[in-house]
Amino acid sequence: MQHWFSRVEDTLVVEDVGLDSIAAEFGTPTYVYSRAALTTSYQAYASACKGRRARVQYAMKANSNLAVLQVFARLGAGFDIVSGGELKRVLAAGGDPATVVFSGVGKSAAEMKMALDHGVRCFNVESIPELERLNEIACRAGATARVSLRINPDVDARTHPYISTGLKANKFGIAFEDALAAYRIAAALPYLEVTGIDCHIGSQITELAPYLEALDKVLDVVEGLEREGIPIGHINVGGGLGIVYANETPPDITAFATTMLDRVAARGHGHREVLFEPGRSVVGNAGVLLTRVEFLKPGCARNFCIVDAAMNDLSRPAMYEAYHRIEAVRPGHARAVKYDVVGPVCESGDWLGRDRVLAVQPGDLLAVMSAGAYGFAMSSNYNTRPRAAEVMVDGGSFHLIRERECVNELFVRERLLPV
Ligand code: LLP
């Protein structure tokens, strides 16, 4: 547990604020983030980049709350976006569109136009039809689109199959073997300017080896391009660095970033700018999901601890069988029992943790740990459940950064049929 989440007189606190006071003020379920934790993990990347040609593009899909983006924008981060909606969030948070790289396999014409109008730094392009569409949109807009091609290096990131992206069988990127041909097409299109190369092999990666393997392949492509007179200004090495949910042992952020930068320099590419696109490793361990126990339901096969957060609030366990530690905010005197911690949603897949030993009783608060990344961002209104509130702790104070939704607004856009 990072030291921003600690115990003071038995109560779980975030920085200097007890999670019980946050629940008392804003109710549950509520996502709670630590500004100091966000800042520290960002700074771990920034310190590795210091004195080098390198910068951090926060992959905002992991957590796109405006206040979170604002914290990173103020620290000098750029952003990795995957939709026009995310670009609007960057603008609303006071971020600079000139620091934005636009990723994703299916950018619409409207999204391309909007990103061009705002002067984004670069489009990370994933196919030849996408190059052609972008060229056409840029032509109509009287603009030049800066592009990087996402190379699929066919490297196994050795992570969950749903979050592995750098294999031939994945939908992402342009096959390593086809890279030179695709770059020739890009370089010949009149409204495109080739500026870089990118690659992203997966998420929750806990080893350095797949990164270095992918980086070497990307650098091979860069050298091939150089021989053809297609200059590459920046190398975007993607995101994906894993965090500790249970007992994983990922490299620490600074060691990871330094290793990558050293390899780039060792291969004679130190003059090019390196971009990192981290999401999870900067926000994952900066947030928890605060929830309250509704009922305990002992059974002959399993005991259930039914809480007020569900798979619609945190879908990672249901989707990836992901493990999140679960802690009582204030351990009471109840008997310790092994429970499956489940939500109220009508699905057997609605669980947050299995086989957890907890000493709890109805009304107690639990914290689902390491929920800052792909938590709220992937939440839904399934079962007509309003999405949770979000709170940012900053030292001894805390701020509501997203109000809890109310039920009426969930169907405000729906229409009854005429009779
Ligand atoms: N860059 C690109 C092009 C990406 O597709 C992603 C994540 C990132 C950067 C950031 O990766 P990170 O540093 O966060 O690993 N919902 C899943 C994770 C999906 C990751 C999608 N792409 C989960 O909850 O585990």
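Note: hydrogens, waters and symmetry copies are ignored here, and every other heavy atom, side chains too, is used. First listed ligand is number 1; within each ligand, the first listed atom is number 1.
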For the residue pair Asn124 and Glu277, confirm or rule out a side-chain donor-acceptor distance under 3.5 Å.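 Glu277 and Asn124 do have a side-chain donor-acceptor pair below 3.5 Å.
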
At a non-hydrogen distance cut-off of under 4.0 Å, which region of [X] contacts ligand 1 (side chain, backbone, both, or neither)?
{"X": "Arg280", "value": "both"}
{"X": "Asp80", "value": "side chain"}
{"X": "Glu277", "value": "both"}
{"X": "Tyr320", "value": "side chain"}

Centre of Phe102's six-membered ring, under 6.0 Å away, within 45 degrees of the axis: is that where NZ or CZ of Lys107 sits?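 Yes.
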
Distance-minimising heavy-atom pair for [X] and [Y]:
{"X": "Gly240", "Y": "Tyr211", "result": "C-OH, 2.9 Å"}
{"X": "Ala318", "Y": "Met311", "result": "CB-CE, 4.1 Å"}
{"X": "Cys199", "Y": "Val218", "result": "CB-CG2, 3.7 Å"}

Yes or no: does [X] have any heavy atom under 4.0 Å from an atom of ligand 1?
{"X": "Gly240", "result": "yes"}
{"X": "Met319", "result": "no"}
{"X": "Pro278", "result": "yes"}

Which atoms of ligand 1 are found less than 4.0 Å from any heavy atom of Ala59?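 Ligand 1 atoms under the 4.0 Å threshold to Ala59: 8 (C), 9 (C), 10 (C).
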
Subset of ligand 1 atoms that lie under 4.0 Å from at least one heavy atom of Gly239: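 Matching atoms, with element in brackets: 9 (C), 13 (O).
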
The reported gap from CD in Glu126 to CG in Leu131 (rounded to nearest 0.5 angstrom) is 11.0 Å

Has ligand 1 got any nitrogen or oxygen that is less than 3.5 angstrom from a nitrogen or oxygen of Ser281? no

Compute the shortest N/O to N/O distance between Ser103 and ligand 1 and return yes if it is under 3.5 Å, no if not.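 In this structure, Ser103 places no N or O atom under 3.5 Å from an N or O of ligand 1.
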
Ionic contact status for Lys297 with Asp340, cut-off 4.0 Å: no

Does this structure show an ion pair linking Lys217 with Asp154, if we count only N-O contacts that are shorter than 4.0 Å? no

Given Gln204, Lys61, Arg150, identify the one with the heavy atom nearest to atom 4 (C) of ligand 1. Lys61

